[in-house]
Amino acid sequence: MTAPDLTGTSSGIKRAPSGKRPRLHPAWIVAAVAFLALVGAAGFRAAPGVLMVPLQQEFGWSTTVLSLAVSINLVLFGLTAPFAAALMERFGIRKVTSLALCLIGLGSALTVFVNQSWQILLTWGVLIGLGTGSMALVFAATIANTWFAKSRGLVIGILTAGSAAGQLVFLPFIAALAQNPGWRGASLLIAAGALAVVPLVLRWLRNSPADVGVLPYGAEEPNAEAADAGNKPPAGGTVAVVASSVTGDSANAAVRALQVLKRASKVRTFWALAAGFAICGATTNGLIGTHFIPSAHDHGMPETTAAGLLAVVGIFDIVGTIASGWLTDRFNPKVLLAVYYQFRGIGLLVLPLLLGSSVEPSMIIFVVVYGLDWVATVPPTAAICRSVFGADGSVVFGWVFAAHQLGAAAAALAAGFIRDATGHYNYAWLGAAAMCTVAAVISATIRKDAAKKVPAAVA
């Protein structure tokens, strides 16, 4: 028998039934499905670097043209994220996630019919960009903030690792299919991977703890006195989540996203996070993710070998991101960010010296270190957004992630132009190394008292 609503409000949160506590909190089931959804959505992340050379060989398109398609994808990937966060609040995580996966599958499947450069801009750029943007890292932050009152850093780390796992799962197969039977088979694999997760999302991905009558994982139940004294927030930040959800349900998603941006833009910490994350995107998705394989190919390395190295990056990305989530729950996140960015810069500085026709031990060291650092920046960045911006944290993180993708898009296009103009990528790697030092300095100077200066949210 279900206990009555303790607060007497429409929040939908109820006391757990008496008797034995469930062995597994529903939040962990939601997190597991979210992880699989991120794996399915990540297939395209591995594709551009692997498919760029085969497309050039078949159609004669320049590196700049294909880089433009990737840049459009990355721009939409980023700009969709904050609106997707607001849409998840208004229409539910399950609906938005299912639609996003379908868009990714559609865009990738239609790629097999392209024969003009504008068509690759439409499929790679627009359709997949909108789909992946709705399944961006803000999705991980939304799941963690909605379903978990403790261990959020660890959960964000695990979910973020889902993207790395997608790269790990798909990349070797995409590289093999690109060789035989061809890049079209690789595109169909990406489409199948995205669509295969949709039934799981529809069945198991619940929108909020209230849907199943529980509190977020780790939240304490409000006692009767607290409920009678004005419905004060339960411990563990539960009401912040509920309030955010209620606000989202009553406001237009686009308007909410823009209102959050307006409030956040008045806070210096927002701009520091956005600048650092723009450099993060430039040095991961923009450069390594898009141009590492073509650059290795320029040095005589087989594409399948280079793809294998990126798969190793994916393996260690899982380890590094989960470890970063654990560290974020225990240490100052701005210090972690500064360390991560500086180590990444050192790696990029030496990369031109490591590329060659064969894989040397020094290259293995590079991919391991770079993998550990790949998206380790996500948990501390999301934690700062949450602590500074409260209930707006997920949407703010969406805007910060938009900066990440704008940086990635600019770097992808710039690196393609540099390659066509000079015949190599050396200047792109060295410029990225310098930017990482800038990001480290910016992160180290984030003010500790920023939370006290945030304008009050307007319901």
Side-chain angles (χ1 to χ4, degrees), residues 24-39 42 136-168 216-220 235-238 240-241 269 273 276-277 280 284 312-344 346-347 367-389 393-394 396-397 400-401 404 436 439-440 443-444 446 448 451:
L24 182 66
H25 193 283
W28 293 110
I29 298 175
V30 170
V33 176
F35 181 92
L36 293 175
L38 286 166
V39 169
L137 297 181
V138 68
F139 171 65
T142 301
I143 292 291
N145 290 342
T146 303
W147 279 91
F148 292 84
K150 71 176 183 179
S151 302
R152 285 173 174 166
L154 177 61
V155 171
I156 290 176
I158 293 172
L159 294 182
T160 303
S163 295
Q167 182 183 38
L168 169 64
Y217 176 78
E220 297 178 7
T238 304
V241 175
T269 297
L273 293 173
F277 232 40
C280 178
T284 51
V312 174
V313 170
I315 293 172
F316 284 93
D317 182 14
I318 296 172
V319 177
T321 308
I322 294 175
S324 179
W326 184 85
L327 290 170
T328 299
D329 288 331
R330 291 161 176 79
F331 298 99
N332 190 331
K334 77 170 189 176
V335 174
L336 295 177
L337 285 176
V339 172
Y340 296 157
Y341 285 130
Q342 193 57 67
F343 269 100
R344 185 180 301 177
I346 294 171
V367 297
V368 169
V369 173
Y370 213 84
L372 291 172
D373 191 74
W374 182 262
V375 286
T377 54
V378 172
T381 301
I384 294 173
C385 287
R386 184 177 63 248
S387 64
V388 173
F389 298 99
S394 293
V396 171
F397 182 71
V400 172
F401 183 75
H404 181 282
C436 284
S443 299
I446 291 176
K448 294 181 180 180

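Everything numeric in this text was worked out from a predicted model, so none of it was measured.
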Task: Side-chain heavy-atom pair Pro26, Trp147 within 4.5 angstrom cut-off - done: yes

Task: Any Leu273 side-chain heavy atom under 4.5 Å of Cys385 side chain - done: yes

Task: Tyr217: partners by ring-ring contact (aromatic ring centres under 6.0 Å, His included), with sequence neighbours left out - done: His25, Trp28, Phe148

Which atom names give the shortest non-hydrogen contact between [X] and [Y], and what distance separates them?
X      : Y      : answer
Thr284 : Cys280 : OG1-O, 2.8 Å
Ser443 : Lys334 : O-CB, 3.5 Å
Gln342 : Ala440 : OE1-CB, 3.8 Å
Ala149 : Gly218 : CB-C, 4.0 Å

Residues which pass side chain to side chain contact (heavy atoms under 4.5 Å, CB included) with [X], listed by chain and number, not counting sequence neighbours:
X      : value
Ala32  : none
Ile29  : Leu24, Trp204
Leu372 : Phe316, Val319, Val368
Ile143 : Val30, Ala34, Ile93, Phe139, Leu159, Leu205

- [ ] Mind telling me whether Phe401 and His404 have parallel, tilted or perpendicular rings, with 30° and 60° as the class edges?
- [x] parallel

Task: Where at least one partner belongs to residues 24-39, residue pairs that pass salt bridge (charged side-chain N to carboxylate O under 4.0 Å, His left out), sequence neighbours excluded - done: none

Open item on the list: If I take atom CG from residue Asp329 and atom CD1 from residue Ile156, how far apart are they, to the nearest 0.5 angstrom?
Closed with: 9.0 Å

Task: Reported CG-to-CD1 distance for the pair Leu154 and Ile158, which is rounded to 0.5 angstrom - done: 4.0 Å

Task: Partner set under salt bridge (charged side-chain N to carboxylate O under 4.0 Å, His left out) for Asp373, not counting sequence neighbours - done: Arg344

Open item on the list: Determine whether a donor-acceptor pair (N or O, by modelled atom type, separation under 3.5 Å) exists between the side chain of Tyr341 and the backbone of Gly276.
Closed with: yes

Open item on the list: Applying side chain to side chain donor-acceptor pair (under 3.5 Å), can you list everything that pairs with Thr321, at least two apart in sequence or on another chain?
Closed with: Asp317

- [ ] Apply side chain to side chain donor-acceptor pair (under 3.5 Å) to Ser324 and list each qualifying residue two or more places apart in sequence or on a separate chain.
- [x] Tyr340

